Amino acid sequence: MNGKVRFAVLGAGGRGAFMAKLYGEHPDVELLAMSDPNPKTFESEKNRTDIKNYISVRKYVNSLEMFEKEKGKIDWVLVASPDFTHHEMIIAALKNGYNVFTEKPMCLSIKDADDICRIAAETGKQVVVGCELRFAAPVVKFKEILSSGAIGKILHGYCVDSVSRGFTYFLRYYRWKKYSLGLLMQKGVHSIDLINFFVDAEPVRVYADGGLDYFGQEKTKAGKYCRDCSEKDICEYSAVKRDVVLREKGELCQDHCVFGSDTDVEDNDILIINYSNGVRLSYNEINFAPEYKREFHFVGTEGRASLVMDQTPELKEQRASNANLSGKAVSITVVKRNHPPEDIALDMPVGGGGHWGGDERMRDELIKAILSGKKIKPDECDGRMSTAIVFAANESMEKQMPVLIEKGR
Ligand SMILES: NC(=O)c1ccc[n+]([C@@H]2O[C@H](COP(=O)([O-])OP(=O)(O)OC[C@H]3O[C@@H](n4cnc5c(N)ncnc54)[C@H](O)[C@@H]3O)[C@@H](O)[C@H]2O)c1
């Protein structure tokens, strides 16, 4: 491809605005259009100051109309609308001749994932899934270690997501399965994608248990919305104390009471996943944990390798001041049989932006690949694998039985 890569962004909410700014400021990208059914999002002062050439970006309140009118003028669309809209938007974009970068999760069911894989193959267009943690420096390093054979053939994994900010999902529409399929899909899918990346095989079976054990219990006499609640200034989860502009009341607003019993997603999940290469693995997601931390431990024929990425807010300063992050926030350890544990230093800078530099590094890799006619992962097949694991986990919880995952194309 010659010249700049022409982008449009769907969704001008939190993530869409962030991505419009991030991609818009890349020297080889032109951000030309945005769409959002809520025209108020376009009036945001923050967007005006943050997003490059925001005034001249063409704005649409209907994404389908944007696809129609921008044909031939845009190369890639970046889907940052809510999860439950992804399937429809991705398919429409592909059929209209666009390549797609979609935010995670790619979609909410195996059938929808299969549709996306099929249409991508039929149209010959690319799909890239925004699991930017694959590009985070600690993850790149850890993958390098696993691929080098340092622990031999991987046989076993145990991975834990401790999510101190799990309450934020209960403040929002993610609290209902009809919009999110649950927090495994909305949050866990980041780590599940990484697990698939590390194991490097197809998931074949999932057995899951989960429940709603902390949030949603109607423990307080709180009203349905934080803004109306007598405890809004003291509740540790109150949206009113957070730096958000509250949307109009309704299902899609951001201040539902986290303890309101009208939620139907789990906050406490355990999955056992079997892979086609024989790896057996457990994944735990705890949405009421005191820390904000991801842990990946793999045991192979020669030893164990562990990656711990701690984002607990109290460690933020150490992260910022410790350029190579070999300190407290990241730890990578390799233990070989009959040898002492070895701490592995992170020999690459983390870089700016969110997600341990992953957002920025993924953008740079994607643009480089597009300009040189190459492809990057995670693609629609990877998106299908993580979606399939969560979808099967939901079925397994319902049936209290293991669920087999059929192979994708
Ligand atoms: N990769 C990450 O780390 C990361 C981080 C945050 C959010 N996300 C993902 O980004 C997506 C958006 O999350 P958010 O927090 O910004 O949500 P949000 O609710 O704040 O914003 C979504 C916006 O999309 C708009 N919208 C709804 N339907 C649309 C459509 N058909 N076309 C265009 N716009 C539409 C809404 O009006 C809203 O303004 C979700 O899929 C979420 O999982 C990813």
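Given the structure is predicted, the values throughout are model-derived calculations rather than measurements. Counting starts at 1 for both ligands and their atoms, following the listed order.
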For ligand 1, indicate whether the residue [X] contacts it via side chain, backbone, both or neither (heavy-atom separation under 4.0 Å).
X: Glu103; result: side chain
X: Ser81; result: both
X: His86; result: side chain
X: Arg247; result: side chain

Protein residue, atom and distance nearest to [atom], heavy-atom basis:
atom: atom 37 (O) of ligand 1; answer: Asp36 OD1, 2.7 Å
atom: atom 27 (C) of ligand 1; answer: Pro82 CD, 3.3 Å
atom: atom 43 (O) of ligand 1; answer: Lys104 O, 2.9 Å
atom: atom 32 (N) of ligand 1; answer: Ser63 OG, 2.7 Å
atom: atom 3 (O) of ligand 1; answer: Glu132 OE2, 2.8 Å
atom: atom 5 (C) of ligand 1; answer: Arg15 CD, 3.5 Å

Less than 4.0 Å is my threshold; does some heavy atom of [X] fall inside it relative to ligand 1?
X: Tyr174; result: yes
X: His190; result: yes
X: Arg172; result: yes

State the atoms of ligand 1, each with its element, that fall below the 4.0 Å cut-off from a heavy-atom position in [X].
X: Gln186; result: 43 (O)
X: Gly130; result: 1 (N)
X: Thr41; result: 39 (O)
X: Met89; result: 31 (N)
X: Ala80; result: 11 (C), 12 (C), 22 (C)

Query raised in the report: Do you see a donor-acceptor pair shorter than 3.5 Å between the side chains of Asn394 and Lys177?
Result: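 Present: a donor and an acceptor within the cut-off.
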
Report task. Establish, from distance only, whether the side-chain atoms of Glu45 and Asn47 form a donor-acceptor pair under 3.5 Å. Result ->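 Judged by distance alone, the side chains do not pair up.
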
Straight-line distance of [X] [atom1] to [Y] [atom2], nearest 0.5 Å:
X: Leu184; Y: Ser386; atom1: CG; atom2: OG; value: 11.5 Å
X: Ile389; Y: Tyr275; atom1: CD1; atom2: OH; value: 4.0 Å
X: Tyr98; Y: Arg6; atom1: OH; atom2: CZ; value: 9.5 Å

Considering both backbone and side-chain atoms of [X], is one of its nitrogen or oxygen atoms within less than 3.5 Å of a nitrogen or oxygen in ligand 1?
X: Gly14; answer: yes
X: Tyr173; answer: yes
X: Asn38; answer: no
X: Asp83; answer: yes

Query raised in the report: Just by distance, do the side chain of Asp359 and the backbone of Leu22 share a donor-acceptor pair under 3.5 Å?
Result: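 The answer is no, because no donor-acceptor pair under 3.5 Å joins these two groups.
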
Query raised in the report: Can Arg227 be said to sit on top of Tyr225's aromatic six-ring, NZ or CZ under 6.0 Å from centre and within 45° of the ring axis?
Result: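 Relative to the ring axis of Tyr225, which defines the angle, Arg227 lies inside both limits.
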
Query raised in the report: Centre of Phe198's six-membered ring, under 6.0 Å away, within 45 degrees of the axis: is that where NZ or CZ of Lys143 sits?
Result: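 Judged by the rule, Lys143 and Phe198 form no cation-pi pair.
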
Query - Heavy-atom nearest option to atom 26 (N) of ligand 1, drawn from Gly13, Gly11, Pro37, Ala12 - result: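 The nearest heavy atom belongs to Pro37.
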
Query raised in the report: Using 30° and 60° as the class limits, which term best fits the ring planes of Phe84 and Tyr179: parallel, tilted or perpendicular?
Result: tilted

Requested in this report: Identify which one of Tyr292, Phe288, Tyr237 satisfies the ring pair (Phe, Tyr, Trp, His ring centres under 6.0 Å) criterion when paired with Phe167.
Outcome: Tyr237

Query raised in the report: Do you know which of Trp176, Tyr174, Phe215 makes ring pair (Phe, Tyr, Trp, His ring centres under 6.0 Å) with Tyr169?
Result: Tyr174

**Report entry** With Tyr173 via side-chain hydrogen bond (donor to acceptor under 3.5 Å, both in side chains) - residues at least two apart
**Finding:**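 Checked Tyr173 against side-chain hydrogen bond (donor to acceptor under 3.5 Å, both in side chains); zero matches.
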
Query raised in the report: What pairs with Lys178 under side-chain hydrogen bond (donor to acceptor under 3.5 Å, both in side chains), at least two apart in sequence or on another chain?
Result: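 Testing Lys178 for side-chain hydrogen bond (donor to acceptor under 3.5 Å, both in side chains), a comparison that skips the adjacent residues, returns Glu251.
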
Requested in this report: Test Asp193 against every option in Lys187, Arg134, Lys104 by the salt bridge (charged side-chain N to carboxylate O under 4.0 Å, His left out) rule and name the one that passes.
Outcome: Arg134

